[in-house]
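As structure tokens, the structure follows; a few thoughts come after it.
Computed from a predicted structure; not experimentally measured. Lettering of chains follows the sequences in order, A, B, ..., and the numbering in each one begins at 1. Just the heavy atoms: all of them, side chains too, but no hydrogens, waters or symmetry mates, feed the values below.
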Amino acid sequence: MPDTNTNPDEPKAESRNFIEQIVDADIASGKWGDAGDRSVVATRFPPEPNGYLHIGHAKSICLNSGLAEQFGGTFKLRFDDTNPAKEEQEYVDSIIGDVEWLGARWEGEVRFASDYFGQFYEWARDLIAKGLAYVDEQSPEQIRNNRGNVTEPGVNSPFRDRPAAESLDLFARMKAGEFEDGSMVLRAKIDMASPNMNLRDPVMYRVLNAHHHRTGDTWHIYPMYDWAHGLEDSIEGITHSICTLEFENHRPLYDWFIDAINKDRGEPIHHPQQIEFARLEPTYIITSKRSLKLLVDENHVTGWDDPRMPTISGLRRRGFTPESFRSFAKATGVTKYKGSHDIGLLEAAVRDHLNTEAPRRMAVLDPIKVVITNWGEHGDESRIEEFNAVNNPNNPDDGSRTVTFGKEIYIERDDFMEDPPKKFFRLGPGREVRLRYAYWVTCTDFIKDDAGNITEIHCTYDPQTKGGENPPPDAEGKVRKVKGTIHWVGAHDAVDAEVRLIDRLFTAEHPAKAPKDDEGGWSFMDNLNPDSMKVVRNAKFEPALASRTPSESAWADGIRRYQFERLGYFCEDRDSTQSNLVFNRTVTLRDSWAKNAGK
RNA sequence: GGGGCAAUGGUGUAAUCGGUAGCACGACAGAUUCUGAUUCUGUUAGUCGGGGUUCAAGUCCCUGUUGCCCUACCA
């Protein structure tokens, strides 16, 4: 047996993902500073402001900011705004809001790659002077054709060996705006025969006579992502430059650029370490920004923050919490394996959070009227009785509120069956159920309209069950039992409301994946779920849902969230007004009855 | 015909020097319950294939297979 000096009573050390292990090793070896100094860890989140952030970005934010937090290092927020054609201020604003909402705290000001354009330009001139870059006047087509392919080497540009002075002059004139878009580029002089296509003299700058959302018209050339990105990280002193798997083949290029700048240089510039991990790929969701933009532009959804969208703003509007994002990010792990992640994990995470935090309320989505026929036999027929309802049985500190009961109430249409099976624990002719917090009632009759729809149910109540309590034992000592408890809302004080029942936007587990027999006609739009949002306009709410009750604590983001008993978790939509309440369903409760009924 | 990366239950992930394959979600059973929720208990099921080294292999070596990425003046 091996030496087992571990104490079984000691909690097992938390497992570390492969990135944490790298950081641990770097700190131990003193790679970035004094050995053991954890505060040297510097990470960042570098979005391009060309769309709204989605749940995959949320994971990256959690990973990067979480690492900095865990080690006591720093986390920065930087926009990668190197392409003026696609980027807009609206996206900058939404992204900042999303990162804040998630709870990630960045160091100092928000940064922009465009702030470093001058530095990039100087370093590019330096590379030209060293004979490591050149201005190429080939057309885009020629450049593409001369690049070769994965098995064939490319051929050198005829401009590759032009004198540095000539390139320097041309580069200055490119910057000055003397040339047309696409007329020439600055290329790194690496190796046109490299098996890594990224090293076949990649383009560093292109002529783009375009207006930039921050630098205006000062530039006529813009750096390519591959040239800029590693330099941005270098300038900001990023130690661990975390990105997704598809950039693995780019890492040698980023290393080459830094080495090229540092060649013959007195004080070398900082050389970040890039680490790639597999992006989050949740089921039933698409995360391509292009596709998401298409959904918005073609009005398949109402906007980037439509509650069906996998964007952070959409999921927030749907009711998901920052905590649920963080635990989802943690649950999905950090690896280099490109799998897919069950969206059920996100739903489990938000249920878990909301179960402890969300006050309970009663709401009837598809109301059917119930008349208590013997209400007048035990007192004034018009009387209203008050009952105490706890806000959260799992959290006694949440207090309670009052619900009121009278002769007429509403229950859920689903909670009554004319001819129920034995295992149906709800209402049916002759059956008795508990109305939560109120009384036990027995169905004596029901009324149908000409179309055969049930329009009204008649019940008697048992005054001995006041508050929903069990009735006293009978003469033989037996206590009557009831199998089911259902929710209800008093007809006399019910508040009308609109409820949006949100379901997954796509019906396919992998909506972006074309079927095998696709011959080109397929589109991810084919997988759109026609029932992704059902709007219920005649829901009945208990009055305590109309506004926040005094006993209720406010949510950090100001969004009111509740559990509607037996239905699910819901939050108030931003369309909601005092006179027209609108709620979104975040997620249903787990429902083993519905699951078995479906079998 | 090239280069890079990856492979552990249904899904996602752990396993420190080569030493009991663990956790979460799900599924299934049962208990509790004024939410068919929650909670609790139990069950289920896994190291991509083939060789090799070793007392001992998810882990080391050889070899094969499968999947993903790479030929924008996008990021």
| said: If I pick the C1' atom on B/rG49 and the same atom on B/rA14, what distance separates them, to the nearest angstrom? | reply: 24 Å
| said: Base, sugar-phosphate or nothing for A/Leu245? Non-hydrogen atoms, less than 4.0 Å. | reply: nothing
| message | Please classify the nucleic acid contact of A/His487 as base, sugar-phosphate, or nothing, using heavy-atom distances under 4.0 Å. | response | nothing
| task | Just call it for A/Val482: base, sugar-phosphate, or nothing, with non-hydrogen atoms closer than 4.0 Å on any strand. | result | nothing
| Which part of the nucleic acid, if any, lies within contact of A/Thr356, taking any heavy atom under 4.0 Å across all strands shown: a base, the sugar-phosphate backbone alone, or nothing? | nothing
| query | Heavy atoms under 4.0 Å, any strand shown: does A/Gln21 hit a base, just sugar-phosphate, or nothing? | reply | sugar-phosphate
| message | Please classify the nucleic acid contact of A/Phe425 as base, sugar-phosphate, or nothing, using heavy-atom distances under 4.0 Å. | response | base
| At under 4.0 Å between heavy atoms, what does A/Tyr205 touch on the DNA or RNA strands: base, sugar-phosphate, or nothing? | nothing
| request: Sticking with atom C1', work out how far B/rG52 lies from B/rA56, rounded to a whole angstrom. | output: 15 Å
| What does B/rC55 pair with, Watson-Crick or G-U, if both distances are under 3.5 Å? | B/rG19
| task | For this output row, return yes or no: ring centroids of A/Tyr439 and A/Phe405 closer than 6.0 angstrom. | result | yes
| query | Can a donor-acceptor pair under 3.5 Å be found between the side-chain atoms of A/Arg251 and the base atoms of B/rG4? | reply | no
| message | Using atom C1' in both nucleotides, what's the gap between B/rU16 and B/rU59 to the nearest angstrom? | response | 12 Å
| Which part of the nucleic acid, if any, lies within contact of A/Asn196, taking any heavy atom under 4.0 Å across all strands shown: a base, the sugar-phosphate backbone alone, or nothing? | nothing
| query | Looking for any heavy atom pair under 4.0 Å, which part of the strands does A/Phe424 touch: base, sugar-phosphate only, or nothing? | reply | base
| query | Counting any heavy atom closer than 4.0 Å, what does A/Lys483 reach on the DNA or RNA strands: base, sugar-phosphate only, or nothing? | reply | nothing
| message | Given the structure, check if the side chain of A/Arg360 and the base of B/rU35 hold any donor-acceptor pair shorter than 3.5 Å. | response | yes
| task | Tell me whether B/rA31 sits syn or anti, counting syn as a glycosidic angle within 90° of 0. | result | anti
| said: Would you measure the distance from the C1' atom in B/rA6 across to the matching atom in B/rG12 and give it in whole Å? | reply: 15 Å
| query | If the P atom of B/rC60 is compared with that of B/rU8, how far apart are they to the nearest Å? | reply | 15 Å
| side-chain contact (heavy atoms from CB on, under 4.5 Å) with A/Leu435: which of A/Leu427, A/Ile409, A/Thr485, A/Val370? | A/Ile409
| task | Using the P atoms only, state how far B/rU43 lies from B/rC48, rounded to an integer number of Å. | result | 25 Å
| request: Ignoring hydrogens and angles, answer whether the base of B/rG1 and the side-chain atoms of A/Glu152 contain a donor-acceptor pair closer than 3.5 Å. | output: yes
| request: Identify whether the glycosidic angle of B/rC48 places it syn (within 90° of 0) or anti. | output: anti
| request: Looking at every strand, decide which applies to A/Gly148 at a 4.0 Å heavy-atom threshold: base, sugar-phosphate, or nothing. | output: base
| request: Would you mind classifying the nucleic acid contact of A/Glu137 as base, sugar-phosphate or nothing, using non-hydrogen atoms under 4.0 angstrom? | output: nothing
